[in-house]
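See structure below.
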Amino acid sequence: MSEAPQHFDLAVVGGGPAGLAAAVALADAGARVALIAPRPSVDDWRTTALLGDSVDFLERHGVWSELRAAAAPLRHMRLIDASSRLFRAPDVTFDAREIGRDLFGYNVANGPLVAALSDAVAARSGGIVRYQTLFQTLGHSEGGERLTLSSGEAVTASLVVAADGRNSGVRQAAGIEVKSWSYPQEALVLALSHREPHHDTSVEFHTEAGPFTLVPHGPGRSSLVWMDRPEVIERMAGLDDAALALEIERRCGSAWGAMTVDSPRQRWPISGFHARQLAAGRVVLVGEAAHGFPPIGAQGFNLTLRDIAKLEKIVRADTHPSTGKPLDGAAVARSYGHARRFDVIGRVTGVDLLNRSLLSDFLPTQFVRAAGLMLAKELGPVRRLMMRAGLAAR
Ligand SMILES: Cc1cc2nc3c(=O)[nH]c(=O)nc-3n(C[C@H](O)[C@H](O)[C@H](O)COP(=O)(O)OP(=O)(O)OC[C@H]3O[C@@H](n4cnc5c(N)ncnc54)[C@H](O)[C@@H]3O)c2cc1C
């Protein structure tokens, strides 16, 4: 007779930043967690701007101390209209001090972020059991959900957390549909060193083909996210380092002086989607299993950490160690789906509108965009409102 599968309060599927952060936070909430996560197979040269409460989240779970030394502070954000549209927006600079903060947040490289989160998982060996293998199937069992793994093992859990990215197999197995759309864009990502200082300022140049963004990444160094038409990105990605650095320098008016490409380059597809439901039965979705959108205003992983912080709070409220009562997965999933829907839909829609307002040739759209940024430049309350909205700060 085969052994009964091990039972956990929660099974988290996915070992990207969302899955690792979820496993750590939920173990800290007192749950026994199975983390089903093979080692990430691709090098990720992106960086993540951690805004608003994201750094507090990492600090609370003991992850920030490992990242702090290599994190680049973000004090100012500047938007420059680099289009040749009829209605052009004025340059606007947002300063964190205007909303009573020293900083908007910090920019960290995804490699060290994932490494620090993996170390935090390993440090919780009492609360997290890691299965370095793929999730295969999901089915109901008496005590909860039953997950089979490609190693041949199986586990059961009161609640399943899908953090397995945009093509989430758990989401599909739970029967949750997505609404998705595409953009005529791709992103080129790389790091650059440059002669002039960045003054802790991230700069978004808005062009007709999308934003071209430089984010501080250490002294004299920035990371670039260049969104453009796929054929332009393909051409740029094919240049040698010196020619590419010159092209980047030209596009940002040499404001950072001479530049040198100092990382491998990566291309990322750009699309948008959100799950039609964030929870079903005893399954919840977090991170890119739930939502994805263009990298504008550094919103993606910050939204993910808000998913996880909310789930952590609901799990804490449901777990009563003194009674020994098992986690009520269905109740937790219902509360989570209800609590997260407005923030998720609001962010996905907001970023979609921002991106489309750049791409649109429709004059009234260009006018509204330019007028909005004019108001932000001239009126402190509008500027502060936009900054608080970007940080999801109260
Ligand atoms: C160019 C670019 C720049 C960005 N910049 C920012 C930024 O500055 N700030 C910000 O907040 N966000 C940013 N984002 C968004 C952010 O990078 C993503 O939100 C985040 O990386 C998604 O993490 P995730 O863990 O949800 O998904 P993923 O990183 O895709 O991880 C999913 C994991 O699940 C695993 N998996 C898949 N299938 C299975 C299975 N069957 N079993 C087990 N595991 C499985 C995969 O191997 C993978 O490790 C950016 C995105 C892009 C494209």
Under 4.5 Å between any side-chain heavy atoms of M236 and R251, yes or no?
yes
Report the distance from atom NZ of K377 to atom OG1 of T93, rounding to the nearest 0.5 Å.
7.0 Å
R356 and side chain to side chain contact (heavy atoms under 4.5 Å, CB included): which partner among L354, L353, D352, L358?
D352
Can you find a heavy atom in the side chain of V315 that is under 4.5 Å from one in the side chain of Y336?
no
Closest heavy-atom pair, A109 versus H217, reported as atoms and distance to 0.1 Å, is CB-CE1, 3.9 Å
Given S150 and T133, is the side chain to side chain donor-acceptor pair (under 3.5 Å) satisfied, shown in steps?
CA-CA 6 Å; S150 55; T133 181; 2.9 Å; yes
Mind checking whether L113 and D44 have side chains closer than 4.5 Å, heavy atoms only?
no
Under the ring pair (Phe, Tyr, Trp, His ring centres under 6.0 Å) rule, collect the residues that match up with F367, sequence neighbours excluded.
F87
Would you say R306's side chain and D53's backbone share a donor-acceptor pair under 3.5 angstrom?
no
Do L74 and Y106 land in one hydrophobic cluster if side-chain heavy atoms of ILVMFWY residues count as linked below 4.5 Å?
no
Distance, nearest 0.5 Å, that separates CD of Q266 from CZ of R46
7.5 Å
Identify whether V160 and L149 are in the same connected component of the hydrophobic contact network (ILVMFWY, side-chain heavy atoms under 4.5 Å).
yes
Is I248 close to W256 at the side-chain level, that is, under 4.5 Å between some pair of heavy atoms?
no
Nearest heavy-atom approach of V92 to L373 is CG2-O, 3.5 Å
Under a 3.5 Å cutoff, is there a donor and acceptor pairing between the side chains of H206 and E204?
yes
Worked check of side chain to side chain contact (heavy atoms under 4.5 Å, CB included) between Q185 and L359
CA-CA 10 Å; Q185 291 168 308; L359 304 179; 3.5 Å; yes
Ignoring hydrogens and angles, state whether a donor on the side chain of S84 or E208 is under 3.5 Å from an acceptor on the partner side chain.
yes
Short side-chain to backbone donor-acceptor contact, R235 and V232, under 3.5 Å
no
May I ask you to check whether T148 and T137 show a side-chain donor-acceptor distance below 3.5 Å?
yes
Short question: side chain of Q277, backbone of I176 - any donor-acceptor pair under 3.5 Å?
no
If you count every heavy atom of other residues, nucleotides or ligands that lies below 6.0 Å from E98 atom CD, does the total exceed 12?
yes
Could you measure the distance from the CG atom of D95 to the CZ atom of R75? Nearest 0.5 Å is fine.
10.0 Å
For a quick test of reading the model, state the closest non-hydrogen atom pair linking R369 to A89 and the distance between them.
NH1-CB, 4.3 Å
hydrophobic_cluster_shared for L311 and V121, side chain cutoff 4.5 Å
yes
Angle class for the F293/H291 ring planes (parallel below 30°, perpendicular above 60°, tilted otherwise)?
parallel
Minimum heavy-atom separation for P230 to E186, with atom names?
CB-OE2, 3.9 Å
Can you list the steps and then say if N107 with S223 is a side chain to side chain contact (heavy atoms under 4.5 Å, CB included)?
CA-CA 9 Å; N107 194 32; S223 56; 3.4 Å; yes
So how far is it from D81 CG to F205 CZ, rounded to the nearest 0.5 Å?
11.5 Å
Could you tell me whether a side-chain N or O of R171 sits under 3.5 Å from a main-chain N or O of A289, the two making a donor and an acceptor?
yes
If hydrophobic clusters are built by linking Ile, Leu, Val, Met, Phe, Trp and Tyr wherever their side-chain heavy atoms come under 4.5 Å apart, do L327 and I308 end up in the same one?
yes
Please tabulate, for side-chain N and O atoms in residues 7-26, each donor-acceptor pair with protein atoms closer than 3.5 Å (sequence neighbours left out).
{"from": "H7", "atom 1": "ND1", "to": "T156", "atom 2": "OG1", "distance (Å)": "2.8"}
{"from": "H7", "atom 1": "NE2", "to": "S158", "atom 2": "OG", "distance (Å)": "3.3"}
{"from": "D9", "atom 1": "OD2", "to": "R32", "atom 2": "N", "distance (Å)": "2.7"}

Could you check D343 against R347 for salt bridge (Lys or Arg N to Asp or Glu O under 4.0 Å), going step by step and ending with a plain yes or no?
CA-CA 6 Å; D343 189 18; R347 265 322 115 157; 3.8 Å; yes
Counting N and O atoms only, with roles assigned by atom type, does the side chain of T207 sit under 3.5 Å from a partner on the main chain of A209, one being a donor and the other an acceptor?
yes
Would you say the side chain of L117 lies within less than 4.5 Å of the side chain of L58, judging by non-hydrogen atoms?
yes
Side chains of Y183 and M227: does their closest heavy-atom pair fall under 4.5 Å?
no
With a 4.5 Å heavy-atom cut-off, do L159 and V284 have their side chains touching?
yes
Is there side-chain contact between R229 and P184, with at least one heavy-atom pair below 4.5 Å?
no
Give me the one residue out of T201, L192, V225 that meets side chain to side chain contact (heavy atoms under 4.5 Å, CB included) with L214.
L192
CD-CZ distance between E288 and F301, expressed to the nearest 0.5 angstrom
10.5 Å
Can you establish whether the number of heavy atoms outside R383 located under 6.0 Å from its atom CZ is more than 12?
yes
Here the pair of heavy atoms bringing H198 nearest to R221 is CD2-O, 3.2 Å
Quick check: are there more than 12 heavy atoms from other residues, nucleotides or ligands sitting under 6.0 Å from CZ of R267?
yes
ILVMFWY network linking I80 to M77, side-chain heavy atoms under 4.5 angstrom
no
For A37, does its backbone N or O pair with a side-chain atom of R130 as donor and acceptor, under 3.5 Å?
yes
I need the L224 CG to R265 CZ distance, nearest 0.5 Å.
11.0 Å
For N302 versus A49, what's the shortest heavy-atom pair and its separation?
ND2-O, 2.9 Å
Between S180 and R166, a side-chain donor and acceptor under 3.5 Å
no
